[in-house]
Amino acid sequence: MDAQLQQIVGHFAVEGKVTGIRPLGNGLINDTFLVETGGPDNYVLQRINQSIFRDVDLLQHNIDCVTRHIRRKLEAAGERDIDRKVLRFLPEKTTGKSYWTDGTQWWRVSVFIRDALTYEAVTPEYAGYAGEAFGRFEAMLADLPDQLGEPIPDFHNMELRARQLREAVAADAAGRMADPEVKALVEAMFAREAEMCKAERMFREGVLPKRICHCDTKVNNMLFDRDGNILCVIDLDTVMPSFVFSDFGDFLRTAANTGAEDDPNLDNVDFNMEIFRAFARGYLSTASAFLTPVERENLPFAATLFPYMQAVRFLADYINGDTYYKIKYPEHNLVRTRAQWKLYEAACGRLDEMALFLQKESLN
Ligand code: GN1
Ligand code: MG
């Protein structure tokens with residue numbers, strides 16, 4: 001067992017003797033470990049990527065407010081087994097804060113939720129449960145009394161993401177613009193830019209609200225019980241005010257993709273309408289109460305926006321020389337870009353079908 005990690009865990013009030021610490025999950029940003037103990041609970045230790053989350057105080061403030069609020073709601077609703085339905089972060093022993101830092105690295109510990117399963121892909125049935133869960137998550141946070149900040153400013157702002165791509169192209173820090181494929185992808189992205197930035201325009205016009213959203217609704221950020229019900233939504237780093245498109249679109253970006261996010265074989269990548277229908281139906285069952293007509297009408301747009309935004313972000317990172325996402329091989333961000341672009345085009349081809357489905361659902 002890594003002695004340094006063990007010492008870091010020692011700053012938190014874990015119960016029981018630590019018997020093992022090993023890597024957990026496959027997030028692209030933070031480093032995550034499972035801490036095994038002889039006590040009643042195991043724990044999750046995370047090193048927060050501070051080059052991305054620059055204001056850890058603000059980040060943890062958001063997470064503390066959100067978990068506290070959800071816990072209260074679950075208690076008020078008379079839920080049982082609450083510790084499996086919302087994350088619980090341990091206080092650091094001397095400061096009482098939900099993180100510990102030595103000034104160069106930032107760490108936090110949460111209770112590992114027992115008997116929970118994670119998936120990289122879901123069935124339509126599970127997608128339906130996920131839709132309900134995200135609608136409920138947004139509904140529960142609608143009356144959050146605290147003010148949340150943006151741990152990554154303008155995180156899902158498409159105008160910003162397009163600007164960052166433009167800056168990456170101009171700087172060409174890794175000399176990758178010489179590749180004609182990269183150039184063609186950049187051009188294809190800019191040709192769709194105006195259309196894909198419509199949410200920001202609607203927001204400025206006052207016709208689209210922001211609500212507190214999760215903003216990283218990948219399939220693997222959800223914990224399921226053995227029956228496929230969602231226990232809990234994890235990875236709360238990006239919870240912040242955003243358009244509902246964020247949660248709707250980003251879930252489908254991973255769940256409705258018939259291939260992997262970084263699938264090297266583009267024949268595997270397509271937009272699965274069965275997953276769309278199941279997820280949308282589940283989401284509407286809990287979100288209909290608060291969605292405005294503009295939000296609802298644009299849910300199909302959201303399903304195209306997120307593969308587009310992710311393609312823009314992966315390509316910008318590739319052009320910048322891979323400074324943001326963890327990569328496993330030199331072309332990884334380009335391979336990811338191709339797969340997300342293919343998914344974007346597939347989702348665009350289904351826009352009418354998605355709209356029709358949602359219209360029919362609203363009549364039911
Ligand atoms: C990152 O941390 P992780 O792997 O759950 C990223 C998301 C991207 C995702 C792509 C803070 O999420 O926005 O959609 O990778 N998170 C951040 O897989 O940038
Ligand atoms: Mg994650």
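Start at 1 and go down the list; that is how both ligands and their atoms are numbered. Predicted, not measured: the structure shown is a model, and the values here were computed from it.
Considering backbone and side-chain atoms alike, Y325 places every N or O at 3.5 Å or more from each N or O of ligand 1. Note: no N/O pair closer than 3.5 Å links I52 and ligand 1 by distance alone. At least one N or O atom of D216, backbone or side chain, sits closer than 3.5 Å to an N or O atom of ligand 1. Looking at T238 next to ligand 1, no N or O pair under 3.5 Å apart turns up. Considering backbone and side-chain N/O atoms, H156 never comes within less than 3.5 Å of an N/O atom of ligand 1.
Near N221, the atoms of ligand 1 lying under 4.0 angstrom from a non-hydrogen atom of the residue are 5 (O). Counting atoms of ligand 1 from 1 in the listed order, those under 4.0 Å from a heavy atom of G27 are 4 (O). Atoms of ligand 1 lying under 4.0 Å from at least one heavy atom of R253, given by number and element, are 10 (C), 14 (O), 18 (O). Less than 4.0 angstrom separates some heavy atom of F53 from each of these atoms of ligand 1: 11 (C).
Neither the backbone nor the side chain of D237 has a heavy atom within less than 4.0 Å of ligand 1. Of the heavy atoms in N26, none comes closer than 4.0 Å to ligand 1.
Taking the six-membered ring where the residue is Trp, Y329 and H332 present parallel rings, their angle staying beneath 30° rather than reaching 60°. Relative orientation of the F245 and F301 rings is perpendicular, given thresholds of 30° and 60° on the angle between their planes.
Between F306 and H156 there is a side-chain heavy-atom pair separated by less than 4.5 Å. In this structure the side chain of I21 never reaches within 4.5 angstrom of the side chain of L34, judged on heavy atoms.
At least one heavy atom of Y324 sits less than 4.0 Å from an atom of ligand 1. Heavy-atom distances between I152 and ligand 1 reach below 4.0 Å in at least one pair.
For F248 and F279, the ring centers are positioned less than 6.0 Å apart.
Relative to the six-membered ring of F12, K93 misses at least one condition, a distance below 6.0 Å or an angle of at most 45° to the axis. Cation-pi geometry between R350 and F271 is not met: the NZ or CZ atom fails to fall both under 6.0 Å from the ring centre and inside 45° of the normal.
Minimum heavy-atom separation, I230 to M222: CD1-SD, 3.7 Å.
By heavy-atom distance, the residue among E261, M309, R313 lying nearest atom 6 (C) of ligand 1 is R313.
The number of heavy-atom neighbours closer than 6.0 Å to NZ of K73, taken from other residues, nucleotides and ligands shown, is above 12.
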